[in-house]
Amino acid sequence: MRLRHTYLAFCVIGTALPYWKLVPWVMDHGLNIPLLCEELFATRIGAFFGLDVVVSALVLFLFIATEGRRIPVSLLWLPVIATLLVGVSLGLPLFLFLRQRKLDADAGALT
């Protein structure tokens with residue numbers, strides 16, 4: 001199995017696990033963003049995880065912008081949208097997949 005396939009597997013896991021908890025909550029409350037934020041930050045440990053994800057997402061956006069231009073990787077908008085819709089758990093492995101696919105293609109062109 002190639003590394004890019006491992007990243008794709010993490011994309012599936014990184015989508016399924018968060019949505020496994022989010023979908024039932026949305027079915028109970030709808031897309032009530034104020035309530036979601038209230039519940040997320042209701043405890044110190046929830047706030048810890050919420051803020052950790054926000055900072056991680058911002059760092060990921062910077063990484064996508066800089067590394068994506070350096071290589072250059074196509075479809076840079078896709079992991080950004082994935083991060084906004086699901087989270088870092090999808091956005092990061094998706095970007096790493098796109099990056100690895102480009103690196104593999106470049107390596108194949110050299111041989």
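Screening residues 15-42 for salt bridge (Lys or Arg N to Asp or Glu O under 4.0 Å), with sequence neighbours left out, gives no hits.
In this structure, I33 places its CD1 atom where more than 12 heavy-atom neighbours from other residues, nucleotides or ligands lie under 6.0 Å away.
Note: L78 CG to F95 CZ = 11.5 Å, rounded to the nearest 0.5 Å. Note that OG1 of T83 and CG of L94 are 8.0 Å apart. Values are rounded to the nearest 0.5 Å.
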Distance-only check: which donor-acceptor pairs under 3.5 Å involve side-chain atoms of residues 11-19, not counting sequence neighbours?
unit_1, atom_1, unit_2, atom_2, d
T15, OG1, C11, O, 2.9
Y19, OH, L85, O, 2.6

Pairs of donor and acceptor atoms involving the side chains of residues 40-69, under 3.5 Å and at least two apart or interchain, shall be tabulated with distances.
unit_1, atom_1, unit_2, atom_2, d
T43, OG1, G46, N, 3.0
S56, OG, D52, O, 2.8
T66, OG1, L62, O, 3.0
T66, OG1, F63, O, 3.4
E67, OE1, R70, NE, 3.0
E67, OE1, R70, NH2, 3.3
E67, OE2, R70, NH2, 2.8
E67, OE2, R99, NE, 2.8
E67, OE2, R99, NH2, 3.2

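Partners of W77 by side-chain contact (heavy atoms from CB on, under 4.5 Å), not counting sequence neighbours, listed by chain and number: L75, I81. The side chain to side chain donor-acceptor pair (under 3.5 Å) check on D104 picks up R4, Q100, with sequence neighbours excluded. With sequence neighbours excluded, no residue satisfies salt bridge (charged side-chain N to carboxylate O under 4.0 Å, His left out) with R101. For H5, there are no ring pair (Phe, Tyr, Trp, His ring centres under 6.0 Å) partners two or more places apart in sequence or in a different chain.
F10 and V80 are members of different hydrophobic clusters when ILVMFWY side chains are connected at heavy-atom separations under 4.5 Å. Hydrophobic cluster membership differs between W20 and V23, with clusters built from Ile, Leu, Val, Met, Phe, Trp and Tyr side chains linked at under 4.5 angstrom.
Of all the heavy atoms in S74 and L98, the pair that sits closest is O-CD1, 4.0 Å.
L96 places none of its side-chain heavy atoms less than 4.5 Å from the side chain of L3.
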